Participant: 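This is the structure I have questions about; it appears just below.
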Amino acid sequence: MTRPLEGLKILDFSTLLPGPYATMLIADMGADVLRIESPSRPDLVRLMEPQIGGQSAAFEYLNRGKRSLAMNLKKAQSLEIIHALLADHDIVVEQFRPGVMSRLGLGYEQLSKINPSVIYCSITGYGQSGPYRDRAGHDINYLALSGIAASSGKKAIGPLLSGVQIADVAAGSQPAVMAILAAVIQRLSTGKGQHIDIAMSDQCMALQPLMMPSVINGQAPINAEDHFLNGAGLYDYYATADNRYMAVGSLEPQFRKALVQALGHPEWMSSGDAFLKEQLSETFAQESQAFWSERFANIDACVEPVLAMDEALIHPHAVARELMSENPSGVKQIKPTPSLAGMNTRSVQSAPLCGQNNQEILLDLGFTGEQIEAFDAEGIFI
């Protein structure tokens, strides 16, 4: 069966996480994603540990199902090749600081003159305009400036780091995929492409739909443990006797009732959150995580153990959902999600080595062996 996005062809100039994760999601759904890479400045994710077959497990995941063309973009001949690719690769993804692609002759205004239908997605920290447009930043900075960090963590110790790059993925990759596909649909009726400006700092502001609207409309700023969803109520993590944790999300009355009954204290049902939270802390601390996991295994109370990553992979639900897959190189990964008709783990190919597809791509574009040798002599592949 045909995969959902077969026929879309994307030039991916991105590295690290936001862009590659976005194009991985699109590649999983069947698009042809061609990485345009530097042959001399490797993607740092490729160098991470552990290494499997010459590149990291993380790189294998983020770049599965893609192809690689490695060129020195400062060489004029590289521009010639990109222009040739634009004939049918009409979506571009890049995450350089504003102005870098234009200086290389690869900005939206330049490429749209060659192909007016090009959809050009720029993923940056602070966007294409504003006083911070040229400023360096990382996930932690966007969370800090958006208010997310201030409303997370604990009053006693301040903001807490997340093990997931929230801004990169939730405020970078995923909005980029939605915007690209929306632009593709819009192009069907207009015939025109567009420049998509994904600013992770903007998107972080938008990632707070239950708290930020209140502050915008006059409520005092919401800091750590000020809201029922960030620690002010029973919704929280509770330490167990073996220094593990249980996650309690028993917000609705029926779940709160199931919680207190399972703990043997139905009289707590009418207690305020401050009192109940104190009792929960004391109660969960008396037994191990395994004890509480078994106690709540068959109780619908929104109470679950906090699992380590290796435990999460072998949890019965994850196993039943077949979340683990294996690519043709034998690298184990999380399977493509979401699952749509035509998608399956067998359709996922390994990530390419840097420049692995140079020869085939250039020959497909109509360049001769002699021309490719001349390109090589000019140093575009080093």
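These numbers come from a predicted model, not from an experiment. The figures here come from the full heavy-atom set of this structure, side chains too, leaving out hydrogens, waters and symmetry mates.
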Participant: Got a donor-acceptor contact below 3.5 angstrom from the N230 side chain to the E225 backbone?
Facilitator: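 Yes, the answer is positive, given that a donor and an acceptor are paired below the 3.5 Å cut-off.
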Participant: Please determine if R46 and E37 form a salt bridge, counting it only when a charged side-chain N lies under 4.0 Å from a carboxylate O.
Facilitator: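 So R46 pairs with E37 through a salt bridge.
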Participant: Report yes or no: does Q289 contribute a side-chain atom to a donor-acceptor pair with the main-chain N or O of D242 at less than 3.5 Å?
Facilitator: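 Absent.
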Participant: Can you list everything that forms a ring-ring contact (aromatic ring centres under 6.0 Å, His included) with Y21? Sequence neighbours excluded, please.
Facilitator: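 Result, ring-ring contact (aromatic ring centres under 6.0 Å, His included) vs Y21: none returned.
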Participant: Hey, is K335 close enough to D28 for a salt bridge, meaning N to O under 4.0 Å?
Facilitator: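 No.
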Participant: Tell me whether the count of non-hydrogen atoms from other residues, nucleotides or ligands lying under 6.0 Å of NZ in K257 goes above 12.
Facilitator: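 No - once you tally the heavy atoms of other residues, nucleotides and ligands closer than 6.0 Å, there are 12 at most.
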Participant: Please check this pair: side chain of K75 against backbone of F375, looking for a donor-acceptor N/O pair closer than 3.5 Å.
Facilitator: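 The answer is no, because no donor-acceptor pair under 3.5 Å joins these two groups.
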Participant: Quick one, M200 and P18 - any side-chain contact, counting heavy atoms below 4.5 Å?
Facilitator: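 Of all side-chain heavy-atom pairs linking P18 with M200, at least one is under 4.5 Å.
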Participant: Can you find a pair of side-chain heavy atoms, one from T124 and one from P98, that are under 4.5 Å apart?
Facilitator: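 Heavy-atom side-chain distance check passes, below 4.5 Å.
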Participant: Heavy atoms, side chains only, cut-off 4.5 Å: are I82 and L85 in contact?
Facilitator: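 In contact.
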Participant: With a 4.5 Å cut-off on side-chain heavy atoms, are H83 and L79 touching?
Facilitator: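 A side-chain contact under 4.5 Å exists here.
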Participant: Per the ring pair (Phe, Tyr, Trp, His ring centres under 6.0 Å) rule, which among Y238, F291, Y237, Y245 passes with F284?
Facilitator: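 Answer to the ring pair (Phe, Tyr, Trp, His ring centres under 6.0 Å) test with F284 among Y238, F291, Y237, Y245: Y238.
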Participant: Is there a path of hydrophobic side-chain contacts, each under 4.5 Å between heavy atoms of I/L/V/M/F/W/Y residues, joining V33 to F13?
Facilitator: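 No, because F13 and V33 fall into different hydrophobic clusters, even though each may have its own neighbours under 4.5 Å.
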